[in-house]
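Quantities reported herein were computed from a predicted structural model and do not represent experimental measurements. Lettering of chains follows the sequences in order, A, B, ..., and the numbering in each one begins at 1.
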Amino acid sequence: MKCRKCGGKAAINMRHHKLGLCKVHYLEWLPEQVQRTIEKYRMFGPQDDVLVAVSGGKDSLSLWDILHRLGYRADGLYIDLGIDGGVNYSAESRRLTEQFAAAHGLTLHVVDVAETYGESVPALAARTARGRHKPCAVCGLTKRHIMNRIAHERGYTVLATGHNLDDEAAVLLGNTLQWAGGYLRRQAPVLEADRPGLARKVKPLCRIYEREMTAYALMRGIEYIQDECPFAEGATSIEYKELLNRLEADKPGSKLNFYLSFLRAKENGLFAPPGAMDGDAIHACPTCGQATSAPGECVFCRIAKRSS
Amino acid sequence: MSVKVLLRNKEYEARAGTSVAAALEKIGVLPESVIATRNGEVITEDEILHEGDVIKLVPVISGG
């Protein structure tokens, strides 16, 4: 297969775009696609201070790399969850993130959950009914809490996460299978800071296939953690991704079409506007100030209090 | 000597003269779920395998 731009040997074939590119042109093409997404959804501009949530994985490190190359002011936030799982998962992902930041001269904020809140995420989760068997739910709310807090405290105007198209399509499939109206209404490339204590969140990779992100990281020589989180084994989102990949293999472009059709349908009024059907007043947590669905302290503050 | 195909901690064999796509089909892996590399370079699925090649398949899916 040949590169469409130069006729040289292609390194990647993107069947959904009917496009083959060599390494040189692929490393130019992908950041251009990200820039187009940033502009299309009016995510942020050169005047913004962007905080990138980096996990040490291929998507977030590549996103940071791309934003830096596109000339944006983008600092990183790494949250050390204290997950070991027999593979030093957090220690290794932290090392790779710090190594990336140092090599590129970028500013990285590190929040160590155990140092800050007294216990690691698995230990915090073990104290709760929802996290006793698997800490994923508590991990998610801990990360959201810390990302909002740091963005707010440090004055960042926008928080960027490395969610790619496959992440978004898998979430969409899960929410559709359950007709989870509230979640479907809120799933979008940009989440406005429309609730107390929440940062404006953007997903600049939401139209980029996970496979394309992997290829980018490999071709760019970004060293990332290839081990899966030890708690991700058997996760439903991974099953959905595999299911969607089988569909994609038969019909290239299915994942992109699924996601973009959803965004278009939403834009055309398929769902009631946010807030119209919520019926759930939003309150500010008296301890951290972030949004919570019930009066009183938010779930994160209640969990964190138990460990102190 | 044939072709070695590595995926996570498993090793498979493929025939020289066939394509990466054929090797993936033989071991039951969807092209959508991996990136194939040879000597650290990303290669396409139509690439023909040669005697002694070591093909590392990098998993694409992550998350939880």
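With a 4.5 Å cut-off on non-hydrogen atoms, A/Lys9 touches chain B through its side chain but not through its backbone. Only the side chain of A/Tyr224 has a heavy atom closer than 4.5 Å to any heavy atom of chain B. For A/Gln226, the part lying under 4.5 angstrom from a heavy atom of chain B is the side chain only. Contacts of A/Asn164 with chain B are absent, with no heavy-atom separation under 4.5 Å from either backbone or side chain. For a residue to count as touching a neighbouring chain, one of its non-hydrogen atoms must lie under 4.5 Å from one of that chain's; by this rule B/Ile43 touches chain A with the backbone only.
More than 12 heavy-atom neighbours from other residues, nucleotides or ligands sit within 6.0 angstrom of CD on A/Glu32. Atom CD of A/Glu233 has 12 or fewer neighbouring heavy atoms from other residues, nucleotides or ligands inside a 6.0 Å radius. For B/Arg8, the CZ atom is loosely surrounded, since the number of other residues' heavy atoms within 6.0 Å does not exceed 12. The number of heavy-atom neighbours closer than 6.0 Å to NZ of A/Lys5, taken from other residues, nucleotides and ligands shown, is above 12.
Between the side chain of A/Arg211 and the backbone N or O of B/Val34 there is at least one donor-acceptor pair closer than 3.5 Å. No donor-acceptor pair closer than 3.5 Å links the side chain of A/Lys241 to the backbone N or O of B/Val60. Distance alone, capped at 3.5 Å, places no donor-acceptor pair between the A/Asn13 side chain and the B/Thr44 backbone.
Put simply, CD1 on B/Ile61 and CD on A/Glu242 are 4.5 Å apart, with the number rounded to the nearest 0.5 Å. In this structure, B/Ile35 CD1 and A/Met213 CE are separated by 11.5 Å, a value rounded to the nearest 0.5 Å. From A/Lys2, atom NZ reaches atom CG of B/Asp46 across 11.5 Å, with rounding to the nearest 0.5 Å.
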- Between A/Glu228 and B/Ser62, does a side chain to side chain donor-acceptor pair (under 3.5 Å) hold up when you go through it step by step? CA-CA 6 Å; A/Glu228 196 55 78; B/Ser62 66; 5.1 Å; no
- Item | Working for side-chain contact (heavy atoms from CB on, under 4.5 Å), residues A/Lys23 and B/Glu41 | CA-CA 9 Å; A/Lys23 179 176 170 177; B/Glu41 292 295 323; 4.0 Å; yes
- Message: As a quick check of understanding, evaluate salt bridge (Lys or Arg N to Asp or Glu O under 4.0 Å) for B/Glu32 and A/Arg246, giving each step before the final call.
- Response: CA-CA 8 Å; B/Glu32 279 69 23; A/Arg246 285 204 283 279; over 6 Å; no
